[in-house]
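Worksheet: the structure to be examined is printed underneath.
Lettering follows sequence order; numbering is per chain, from 1.
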Protein chains: 2
Amino acid sequence: MKATSKRDAGGGVALYQRIRSDIEGRIMSGEWPPGHRLPFEHELMNTYSCARMTVNKVLSGLAAAGLVERRRRAGSFVSRPKVHSAVLQIPDLKAEVENRGERYGYTLLQRQKRQATRDDKARLDLGPRTPVLALRCRHDAARQPFALEDRILNLDAVPAAADQDFSIVPPSTWLVDHVPWTEAEHRISAGNADSTLAAELNIEEGAACLIIERRTWRSGEPITAVRLIHPGPLYDLTARFTPSS
Amino acid sequence: MKATSKRDAGGGVALYQRIRSDIEGRIMSGEWPPGHRLPFEHELMNTYSCARMTVNKVLSGLAAAGLVERRRRAGSFVSRPKVHSAVLQIPDLKAEVENRGERYGYTLLQRQKRQATRDDKARLDLGPRTPVLALRCRHDAARQPFALEDRILNLDAVPAAADQDFSIVPPSTWLVDHVPWTEAEHRISAGNADSTLAAELNIEEGAACLIIERRTWRSGEPITAVRLIHPGPLYDLTARFTPSS
DNA sequence: GGGCGCTATTTGTCTATACATATTACATTG
DNA sequence: CAATGTAATATGTATAGACAAATAGCGCCC
């Protein structure tokens, strides 16, 4: 059995995948450093004995993934890793706690329907007299306070939320299943716990906390702003990152 | 001039792009909610009067971007936004400070070449008797302490670093230009400043700090571990995110 | 009714060809 | 020599046709 010249899809993995892994390997290993011009499509076409469309798909894919940049007439070049970027996963807290194998608990501390205050408006770019739902709740892991959630929800954008009581289902869980979003902004900072927070999270006043704020919009219309406050030493965000993926 | 049946590349944007934007729009707007089965390739092919390869490229692209999932014989489905994920950009501190339009300053506080201590080994999974370079430096923004950097560097992996004195060029800048990496891990947490740190950053003892730790490898070989400590209120990580991109 | 295998359908991959478009390098001209 | 036009070249997009692989769902048999 020789390598047939055409129609060779029945091998092991797809030819397309083999070529891609091959090229990715050379880039990752440093054999083709940033800035290096990789072979032209017609050269790769000869190297791998395939049609141009096949190598084109590979190179386009690598370009879409940001590993190479392509310029007409000039060729394809290994791109310099733009900035150190990490994909931070901020999943549902319930899922996250249960992933750690710990018992998850949820308590609604406060629920108030009101017209947006000056503060609310600043948090979410709301217009005047917008009805909002303000929620404050606590998430526990292994029966210990794990995060305090402070959220406002634009009821003009999500009127259905007014009928939800959120005493059992956390707002984040409900939102994920019911409200799609198009833009999000995250902000991560650190702060010292004030006395209220210290009491709610059962930590000492002044203890360092990790603060994650997230705002989401749907086609420009503000939906919700949430502040998650974690006891500093108890929680950390971890992200593993491989440029290839 | 009617829409020609074939060879219509000369319009405005590429047909491929039009179809993709169209489908993305329907997904984003909620018209096609998560779980919805989108039209089969042959249906889209009729809708847009084009070849299957063209819609195939669109759908494959959407799948690669994570917006849809495809199953043979079943069809293509809008995927549930897996987890809330945000692309956190952690660029070079110098670039970041200058982007804010502030004056950047850098001071090397400590530089020590040594065999890996027990602590170093725990930080980077180093073998015994590995030579490391330990650095401690301060980054200023607008003449105010902005971050303390505490780094160890595996000299077996990056021997050239031993010849660098890092009194002018920050290690992060030098590394970005000289050492490629294949894997990275980020960890973000909060902690209270101890007396040493408080003195170095010119803040009060006990003040909350944002701690970013990053470890990088090259094909499994540990390269460097760095801890960046920012005064909590002074610094925050912000990331805007649109699922489409 | 339950388990098994067949088949039709849908996506996955590949080819060969064609024309469009951008850009570089070179030649021509003022 | 500089500005400008032109040809060569590499990528971008699109087509039609073909076969491969997975699988949902149906019918068959016990």
Side-chain angles (χ1 to χ4, degrees), chain A residues 1-24 32 35-79, chain B residues 1-24 32 35-79:
Chain A
M1 186 208 297
K2 58 186 285 232
T4 55
S5 55
K6 316 170 102 181
R7 199 62 13 81
D8 199 12
V13 292
L15 174 55
Y16 156 74
Q17 293 291 350
R18 283 210 318 103
I19 302 178
R20 171 140 185 181
S21 313
D22 193 357
I23 294 180
E24 272 186 4
W32 289 349
H36 179 263
R37 206 212 76 222
L38 32 125
F40 297 124
E41 292 189 347
H42 70 263
E43 294 178 299
L44 291 171
M45 189 175 145
N46 285 334
T47 305
Y48 296 100
S49 309
C50 65
R52 190 170 78 92
M53 277 301 290
T54 304
V55 299
N56 184 325
K57 187 177 176 184
V58 173
L59 294 182
S60 302
L62 289 169
L67 264 107
V68 306
E69 286 165 31
R70 315 194 69 192
R71 291 205 317 276
R72 279 182 160 135
R73 172 65 221 248
S76 306
F77 301 82
V78 178
S79 50
Chain B
M1 186 208 295
K2 58 186 286 231
T4 54
S5 55
K6 315 170 102 180
R7 197 72 3 90
D8 198 12
V13 291
L15 174 56
Y16 156 74
Q17 295 291 348
R18 283 208 319 102
I19 302 177
R20 170 140 184 182
S21 312
D22 193 358
I23 294 180
E24 273 185 5
W32 290 347
H36 179 263
R37 206 212 75 220
L38 33 125
F40 297 124
E41 292 189 346
H42 70 263
E43 293 177 300
L44 292 171
M45 190 175 145
N46 285 333
T47 304
Y48 296 100
S49 311
C50 65
R52 189 170 78 93
M53 276 301 290
T54 304
V55 299
N56 183 320
K57 188 177 175 184
V58 172
L59 294 181
S60 302
L62 289 170
L67 263 105
V68 306
E69 287 164 30
R70 315 193 69 192
R71 290 205 317 275
R72 277 178 162 139
R73 171 66 221 248
S76 306
F77 302 83
V78 178
S79 48

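Between the C1' atom of D:dG12 and the CZ atom of B:Arg18 lies a distance of 17 Å, rounded to the nearest Å. In this structure, the CG atom of A:Leu44 is 13 Å from the P atom of C:dT15, given to the nearest Å. The interatomic distance linking B:Leu15 (CG) with C:dC19 (P) rounds to 18 Å, in whole Å. The CG-P distance, from A:Asn46 to C:dT15, rounds to 13 Å in whole Å. Rounded to a whole Å, the OH atom of B:Tyr16 is 18 Å from the P atom of D:dT11. Rounded to whole Å, atom C1' of C:dA16 lies 14 Å from atom CG of A:Asn56. Here the P atom of nucleotide C:dT10 and the CG atom of B:Leu38 are 13 Å apart, to the nearest Å. Separating the CE atom of A:Met45 from the P atom of C:dA16 is a distance of 8 Å, rounded to the nearest angstrom.
Residues passing the side chain to side chain donor-acceptor pair (under 3.5 Å) test with A:Ser60 are A:Asn56, sequence neighbours excluded. Contacts of A:Asp22 classified as side chain to side chain donor-acceptor pair (under 3.5 Å), with partners at least two apart in sequence or in another chain: A:Arg26, A:Tyr48. Applying the side-chain contact (heavy atoms from CB on, under 4.5 Å) test to A:Arg71 and every residue at least two apart in sequence or in another chain returns A:Ala74, A:Phe77.
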Below 3.5 Å, can you tabulate the donor-acceptor pairs from side chains in residues 38-45 of chain B to any protein atom, sequence neighbours excluded?
residue: B:Glu41; atom: OE1; partner: B:Arg52; partner atom: NH1; Å: 2.5
residue: B:Glu41; atom: OE2; partner: B:Arg70; partner atom: NH1; Å: 3.4
residue: B:Glu41; atom: OE2; partner: B:Arg70; partner atom: NH2; Å: 2.7
residue: B:Glu43; atom: OE1; partner: B:Phe40; partner atom: N; Å: 2.7

Nucleotide N/O to protein N/O under 3.5 Å, stretch nucleotides 3-9 of chain C:
residue: C:dA8; atom: N3; partner: B:Arg73; partner atom: NH1; Å: 3.3

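Side-chain to base pairing of A:Arg52 with D:dT13: one donor and one acceptor N or O lie within less than 3.5 Å of each other.
Defining each end axis of the helix from C:dG1-D:dC30 to C:dG30-D:dC1 as the rotation carrying four pairs' C1' atoms onto the next four, with five pairs an end, the two axes are found to diverge by 10° to 10 degrees.
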